[in-house]
J.: 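Please see the structure below; I have some questions.
Hydrogens, waters and symmetry mates play no part in the numbers below; they use all other heavy atoms, side chains included.
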Amino acid sequence: MTLLVPFDGSRLARKALEKASTFGDLLDEEVVVLTVIPDDAEYARDRGWITRGEPFDPDAIEAGIQQRAETVAPEATFRTRRVSSDEPTATSTTNVVREIRRIAGELEASVVFIGSENAGSVIAPQSSVGSPVANDHRYDVYVVREPGEAAAPEDISDIDSTIE
């Protein structure tokens with residue numbers, strides 16, 4: 001079995017990698033960190049890989065993301081895939097999702113750990129890879145997310161009070 005973690009260096013991706021690393025240690029399973037880099041400078045800027053005005057350098061992006069992944073899970077296997085945005089109807093996000101799903105199938109991943117605020121939501125933004133990756137039934141999905149704001153005490157119901 002392989003545990004796959006799509007990794008973009010974000011806070012939630014780091015948390016997903018932490019969880020996968022813990023599971024990998026407990027289950028004695030390989031953890032594979034996958035970063036997909038599209039040839040799209042705007043995509044890179046949106047993810048904080050480069051700043052406005054900084055040149056788009058996939059090699060530098062790869063090295064930086066790998067270094068972040070290794071600080072979280074040094075024992076994990078790091079893979080990078082670069083995808084082209086040559087299909088006129090596909091967005092960079094679509095290309096990233098396709099590649100994650102392709103690699104998950106290639107590795108026969110048993111679980112994909114996704115750090116996403118909206119994976120599993122009914123409505124998901126077009127820029128998220130969480131929901132489309134989570135829709136693939138070839139593997140289980142572990143979604144690492146954090147709630148937005150803390151719930152107000154009056155919004156939390158006691159489960160016992162709903163039983164008649």
J.: Does CD belonging to E70 count more than 12 external heavy atoms closer than 6.0 Å?
T.: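 Count over threshold, so yes.
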
J.: How many angstroms lie between atom CD1 of I65 and atom CZ of F78, to the nearest 0.5 angstrom?
T.: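 I65 atom CD1 to F78 atom CZ measures 6.5 Å (nearest 0.5 Å).
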
J.: To the nearest 0.5 Å, how far apart are OG1 in T2 and CD1 in I103?
T.: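 Interatomic distance, T2 OG1 to I103 CD1, rounded to 0.5 Å: 11.5 Å.
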
J.: Taking it one step at a time, do L107 and L4 satisfy side chain to side chain contact (heavy atoms under 4.5 Å, CB included)?
T.: CA-CA 8 Å; L107 294 173; L4 178 65; 4.0 Å; yes

J.: With a cut-off of under 6.0 Å to the ring centre and 45° to the axis, is R47 in cation-pi contact with Y43?
T.: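 Satisfied, under 6.0 Å and within 45°.
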
J.: Keeping N95 on the side-chain end and S84 on the backbone end, is there a donor-acceptor pair under 3.5 Å?
T.: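 Yes, N95 side chain to S84 backbone: donor-acceptor pair under 3.5 Å.
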
J.: So if I apply the salt bridge (charged side-chain N to carboxylate O under 4.0 Å, His left out) rule between R79 and each of E106, E62, E99, which one comes out positive?
T.: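 Of E106, E62, E99, salt bridge (charged side-chain N to carboxylate O under 4.0 Å, His left out) with R79 is met by E106 alone.
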
J.: Give the intermediate values and the outcome of side chain to side chain contact (heavy atoms under 4.5 Å, CB included) for residues V31 and L17.
T.: CA-CA 9 Å; V31 175; L17 182 51; 4.1 Å; yes

J.: Ignoring hydrogens, what is the shortest heavy-atom contact between A76 and V33? Give both atom names and the distance.
T.: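 Here A76 and V33 meet closest at CB-CG2, 3.7 Å.
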
J.: For the backbone of I37 and the side chain of R81, can you confirm whether one donor and one acceptor N or O come within less than 3.5 Å of each other?
T.: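 Absent.
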
J.: Of all the heavy-atom pairs spanning I50 and P55, show the shortest one and how long it is.
T.: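 Answer, listing the atom of I50 first, then P55: CG2-O, 3.9 Å.
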
J.: Give the C-alpha distance, both sets of side-chain angles, the deciding distance and a yes or no for side chain to side chain contact (heavy atoms under 4.5 Å, CB included) between Y142 and I114.
T.: CA-CA 6 Å; Y142 186 109; I114 301 172; over 6 Å; no

J.: Could you tell me which residues satisfy side-chain hydrogen bond (donor to acceptor under 3.5 Å, both in side chains) with T77, sequence neighbours excluded, listed by chain and number?
T.: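 Once residues adjacent in sequence are excluded, the partners of T77 under the side-chain hydrogen bond (donor to acceptor under 3.5 Å, both in side chains) criterion are E30.
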
J.: Using side chain to side chain contact (heavy atoms under 4.5 Å, CB included), reason through V32 and V5 one step at a time and then give a plain yes or no.
T.: CA-CA 6 Å; V32 175; V5 185; over 6 Å; no

J.: Can you tell me how far CZ of F7 sits from CG of L12, rounded to the nearest 0.5 angstrom?
T.: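 Taking CG in L12 and CZ in F7, the distance rounds to 11.0 Å.
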
J.: Mind listing the side-chain donor-acceptor pairs of residues 19-28 below 3.5 Å, one per line with the distance, residues two or more places apart or on another chain?
T.:
residue, atom, partner, partner atom, Å
S21, OG, E75, OE2, 2.5
T22, OG1, E18, O, 3.0

J.: Look at atom CD of E108 and say whether more than 12 heavy atoms of other residues, nucleotides or ligands are closer to it than 6.0 Å.
T.: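 Atom CD in E108 is not packed in, count stays at 12 or less.
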
J.: On a heavy-atom basis, which atom in G9 and which in R68 lie closest, and how many Å separate them?
T.: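 Looking at all heavy atoms of both residues, the closest pair is O-NH1, 3.6 Å.
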
J.: Hey, do the aromatic rings of W49 and F56 have their centres closer than 6.0 Å?
T.: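 No, the ring centres sit 6.0 Å or more apart.
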
J.: If you look at every heavy atom in V144 and A16, which pair is closest and at what distance?
T.: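 Shortest heavy-atom contact: CG2-CA, 3.6 Å.
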
J.: Does this structure show an ion pair linking D40 with R45, if we count only N-O contacts that are shorter than 4.0 Å?
T.: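 No, this pair does not count.
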
J.: Using side-chain heavy atoms (C-beta onward) and a distance below 4.5 Å, is L3 in contact with S110?
T.: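 Answer yes - side chains close enough.
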
